[in-house]
Amino acid sequence: MAEDMDDTEGLDAAEQQLVAQLRTPIAVDTDAFDGRVMAAVQRERAFGRAGRRASHRMVAATTVAGAALAAVIAFVMIGGGVDRTAPEHPAKVVHSALSTVRFTLVASGASQVAVAGSFNGWNATATPLRRIDKNTWAADIPLGAGRYVYQFVIDGHRWVPDPQAPRDPGDDFGATNSVVTVAGSGSA
Amino acid sequence: MMSRFIDTLVASLAVVALAVCIGNVAGAQGVAALQQLDGRASASLKAQVTSVADSVAHAGLPVAPLVDKALEGISKGADDNRIMIAVRGVANDLGIARRALGPSSDNELAAAVAALRAGSTPPGLTRLRKELPGRQLVVPLSVLASLIVDGAPAQSAIVAVVANARQRDDSGLLAYGRSVSHDIAGGVAPLTAITGTQAAPHALSTFKPAFTGGKTAPLPAPPKPKP
């Protein structure tokens with residue numbers, strides 16, 4: 001204080017009064033100050049949580065939207081629900097009508113004959129042949145263009161190939177299948 | 001914040017796109033086919049076929065031939081182990097066929113498997129694709145398989161199929177295949193039969209087609225007289 005008094009030496013009365021006012025300690029309410037600081041911190045914390053929640057919601061919403069867009073793009077690119085080979089394959093796409101294929105078998109002594117193959121899920125009873133004379137059995141089956149393998153099933157248990165048809169090279173189960181190929185609209 | 005957002009978005013897009021691809025291929029293509037096993041295959045067999053089918057579908061190959069082979073085995077009373085050997089064999093051959101032919105229809109791949117099993121080589125299939133651009137190969141591959149099964153050398157059979165396919169539509173090509181088979185069954189040497197040098201007109205006129213329907217197929221050209 002003595003040094004302060006020394007500092008004001010040479011000042012006029014008004015200046016000394018001003019200096020004295022400036023040097024008067026300010027009364028600080030520390031409780032109120034702390035309260036204001038904590039209130040500000042809580043406001044910031046609350047805002048931050050809300051902001052982050054909003055940000056997370058935006059990320060989630062955008063992600064879902066982006067995922068949906070990606071799903072659509074991927075579905076279109078891989079041809080979902082559409083003939084996948086059509087756009088990329090240079091060959092003509094065949095949409096042929098069904099052709100009626102007649103299967104016949106001469107089987108003396110048979111009481112029933114069916115045909116099972118790749119066209120009926122190899123179901124040995126789904127496609128019976130009808131007897132058209134004493135020993136000859138036949139069935140007319142509509143098939144689309146393609147290659148099918150089959151065998152006749154005599155009396156529900158005896159599998160035999162079609163002696164009139166080409167043979168399939170595969171015999172994974174010990175019996176040679178027959179082949180029928182139905183032409184589409186292949187070009188010459 | 002922005003970088004985390006972008007990372008999340010990209011990762012989500014990748015996962016969803018992959019899931020959609022897998023789900024679509026395995027689902028749309030395979031589920032319907034695999035459902036045919038319900039009530040016919042044991043739970044164990046269906047699980048094994050489904051496992052192979054998933055791999056096949058993920059490779060972009062058709063599932064139906066696998067299910068078809070399994071159904072064939074079931075109907076013929078084969079045990080599960082034997083069926084799975086056959087199913088895996090088909091799966092393997094489908095992959096070979098796809099690599100040889102490139103982009104192909106499901107029917108083409110199934111026919112190509114038959115050609116491979118008959119004895120054609122993958123390069124032979126590739127040649128067929130290159131020699132017959134823009135043509136569905138189901139019938140050419142099927143005729144090729146039949147010729148080889150009947151005893152024709154694979155390379156010669158490919159040459160013969162290509163030559164005939166360039167001049168005939170599918171019905172005509174099928175008629176050619178039937179006439180060759182008829183000649184071979186009548187005692188003509190396979191190599192001779194596919195080149196048509198012994199394809200006597202009377203043999204063609206007496207040949208009875210194995211099926212009816214479809215377009216009327218022109219008969220193969222008569223053999224040229226030897227000089």
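Residue numbers start from 1 in every chain, and the chains themselves are labelled A, B, ... in the order their sequence lines are given, proteins ahead of strands. Computed from a predicted structure; not experimentally measured.
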Output for pair (B:Ile74 CD1, A:Trp122 CH2), nearest 0.5 Å, gives 12.5 Å
Please check if the side chain of B:Arg117 supplies one atom and the backbone of A:Asp168 the other of a donor-acceptor pair under 3.5 Å. no
So does B:Ala112 get a backbone contact from the side chain of A:Arg147, meaning a donor-acceptor N/O pair under 3.5 Å? no
For a quick test of reading the model, state the closest non-hydrogen atom pair linking A:Asp172 to B:Arg82 and the distance between them. O-NE, 3.2 Å
Donor-acceptor contact present, side-chain B:Ser146 to main-chain A:Pro166, <3.5 Å: no
Please classify the contact between B:Asn107 and chain A as side chain, backbone, both or neither, with a heavy-atom cut-off of under 4.5 Å. side chain
Over all heavy atoms of both residues, which pair between B:Val139 and A:Thr181 is shortest? Give the atoms and the distance, please. CG2-CG2, 3.9 Å
Nearest 0.5 angstrom please: A:Trp159 CH2 to B:Glu72 CD, how far? 7.5 Å
What's the verdict on salt bridge (charged side-chain N to carboxylate O under 4.0 Å, His left out) for B:Asp150 and A:Arg167, showing C-alpha distance, side-chain angles and the deciding distance? CA-CA 8 Å; B:Asp150 284 340; A:Arg167 292 170 293 149; 3.6 Å; yes
Is the shortest side-chain heavy-atom distance between B:Ser142 and A:Val179 below 4.5 Å? yes
Counting heavy-atom pairs under 4.5 angstrom with chain A, the leader among B:Ile148, B:Leu71, B:Ile85 is B:Leu71
Quick one: what part of B:Leu132 sits under 4.5 Å from any heavy atom of chain A, side chain, backbone, both or neither? neither
Residue pair A:Phe173 / B:Ala78: nearest heavy atoms and the distance that separates them: CD2-CB, 3.5 Å
Closest heavy-atom pair, A:Asn123 versus B:Ser75, reported as atoms and distance to 0.1 Å, is N-OG, 4.4 Å
The criterion is side-chain contact (heavy atoms from CB on, under 4.5 Å); which residues satisfy it with B:Asp38, sequence neighbours excluded? B:Gln35, B:Lys46
Report the residues that fulfil side-chain hydrogen bond (donor to acceptor under 3.5 Å, both in side chains) with A:Asn135, sequence neighbours left out, ordered by chain and then residue number. none
Working to the nearest 0.5 angstrom, can you tell me the gap between A:His157 NE2 and B:Lys76 NZ? 16.0 Å
